[in-house]
Amino acid sequence: MNPLDLLRRFGAWIGPPIHRVTHFALPPVLLYSGIRIGGDLGTDTRVSCPGAYLPEPWYMVVAVVGLIAGRYLSHLKPGTSYPGGSPPLAAKRAGQAALALGLFLLVIVWFYEAVGVAHVSTHVSATAPVFEPITYYIRCAIYRDKDATTYGYWTISMIFLVTFIVGHWLWADHPDPPAPNLPNAPAARPAA
Amino acid sequence: MIDSYPQGMAIVVYVLFGILITISLLEVLCELKRWPSISHQVESWADRNPWYAGALLALLFIFIAHFVLNPLPT
């Protein structure tokens with residue numbers, strides 16, 4: 001058998017259960033990780049941004065690897081994952097709700113960024129907290145991560161995760177539908 | 001002046017993970033209802049609009065480069 005066919009047959013067999021398990025496992029894993037990381041960063045009373053750990057060019061290599069891995073994840077899906085026609089209205093509404101929520105959050109983020117970049121609070125009171133741009137918070141978190149783990153494993157994981165998802169969503173390489181004799185292959189259309 | 005880095009970093013993490021958790025919960029909903037997943041819908045959109053998708057990818061990489069290729073000002 002052709003090795004590529006074998007690989008596709010394996011992907012068509014193992015892909016759907018992995019896809020399903022990943023969907024159900026992600027929310028609790030993300031919830032735990034978010035609470036753990038946010039809690040650690042928010043309550044640690046050590047020096048906020050130790051050392052000077054940036055720039056770090058090879059993080060860009062991680063981003064490119066994540067993007068390419070996400071692009072070719074599509075090969076684990078059988079051809080039936082790309083049905084023709086329009087999805088149900090409720091599914092469209094769910095997608096639109098996700099988009100609206102994401103854009104609403106971005107509005108809040110950019111409003112805060114404007115305040116942070118302007119350093120508004122420094123002109124108000126000497127005892128008020130200094131609001132920094134979000135970029136600085138992200139770089140400071142990377143400093144803390146590298147200070148604690150040398151290579152910055154959490155940073156690498158987040159860069160990989162985000163570029164992997166984006167590569168899968170926006171740059172997916174859709175493989176040809178599997179041959180009719182593969183598992184999950186669509187039934188042959190009857191002749192007209 | 002009070003250093004806001006610990007609180008600021010925590011909020012950034014909570015917002016980022018909040019977005020990811022919301023999307024993952026919607027994916028679970030799609031899985032349970034047997035709807036096309038959010039991923040599938042976004043992929044379809046990207047297939048139809050490759051230039052927009054490419055622009056979003058470029059924007060993301062510009063942000064990542066901005067974050068990791070510059071130090072914090074001293």
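Side-chain atoms are counted along with the backbone in the values below, which use heavy atoms only and exclude waters and symmetry mates. Letters go in sequence order (proteins before strands), and every chain restarts at 1.
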Between the main-chain N or O of Glu132(A) and the side-chain N or O of Tyr137(A), is there a donor-acceptor pair closer than 3.5 Å?
yes

Per-residue contact mode, Leu31(A) against chain B (heavy atom under 4.5 angstrom)
both

hydrophobic_cluster_shared for Val162(A) and Phe160(A), side chain cutoff 4.5 Å
yes

Name the region of Ala63(A), side chain, backbone, both or neither, that has any atom closer than 4.5 Å to a heavy atom of chain B.
both

With a 3.5 Å distance limit and no angle check, can you tell me whether Glu27(B) reaches the backbone of Ser37(B) through a side-chain donor-acceptor pair?
no

Hey, could you give me the CZ/CH2 distance between Arg144(A) and Trp154(A), rounded to the nearest 0.5 Å?
14.5 Å

Contact leader toward chain B among Pro27(A), Ser33(A), Pro28(A), where contacts are heavy-atom pairs under 4.5 Å
Pro27(A)

ring-ring contact (aromatic ring centres under 6.0 Å, His included) pairs touching residues 20-41 of chain A, sequence neighbours excluded, are His19(A)-His23(A)

Looking only at heavy atoms and a cut-off of under 4.5 Å, which of Ile142(A), Leu41(A), Thr22(A), Leu161(A) has the most pairs with chain B?
Leu41(A)

By a 4.5 Å heavy-atom criterion (distance strictly below it), what part of Val29(A) contacts chain B: side chain, backbone, both, or neither?
neither

Should Leu32(B) and Ile21(B) be counted in the same cluster of Ile, Leu, Val, Met, Phe, Trp and Tyr side chains packed under 4.5 Å apart?
no

Under 4.5 Å, heavy atom to heavy atom, which residues of residues 61-68 of chain B contact chain A?
Phe61(B), Phe63(B), Ile64(B), Ala65(B), His66(B), Phe67(B), Val68(B)

Value for CD1 (Ile23(B)) from OG (Ser39(B)), rounded to nearest 0.5 Å, stands at 10.5 Å

How about Trp51(B): does its CH2 atom have over 12 heavy atoms from other parts shown lying under 6.0 Å from it?
no

If I measure from the heavy atoms of chain A, does Asp47(B) come under 4.5 Å with its side chain, its backbone, both, or neither?
side chain

Measure distances from Glu31(B) to the heavy atoms of chain A and classify the residue's part below 4.5 Å as side chain, backbone, both or neither.
side chain

I'd like to check the side chain to side chain contact (heavy atoms under 4.5 Å, CB included) partners of Leu72(B); sequence neighbours left out, ordered by chain and number.
Cys49(A), Tyr136(A), Arg139(A), Cys140(A), Tyr143(A), Tyr5(B)

Got a second to check how far Leu170(A)'s CG is from Glu43(B)'s CD, nearest 0.5 Å?
9.0 Å

Max heavy-atom pair count under 4.5 Å with chain A, selected residue of Gly18(B), Gly54(B), Ser44(B), Pro71(B):
Pro71(B)

The remaining residues in the hydrophobic cluster of Ile108(A), counting side-chain heavy-atom contacts under 4.5 Å among Ile, Leu, Val, Met, Phe, Trp and Tyr, are Phe104(A)

With only heavy atoms counted, which part of Leu20(B) is less than 4.5 Å from chain A, the side chain, the backbone, both or neither?
both

Residue part contacting chain A, namely of Ile11(B), when any heavy atom lies under 4.5 Å:
neither

Pair count under 4.5 Å, heavy atoms only, with chain B: among Thr135(A), Thr163(A), Leu26(A), highest is Thr135(A)

Quick one: OH on Tyr72(A) to CG on Leu67(A), what's the gap to the nearest 0.5 Å?
10.0 Å

So which residue, Trp169(A), Tyr59(A), Trp171(A), ends up with the most heavy-atom pairs under 4.5 Å with chain B?
Trp169(A)

Max heavy-atom pairs within cutoff under 4.5 Å with chain A, candidates Ala46(B), Pro6(B), Ala10(B), goes to Pro6(B)

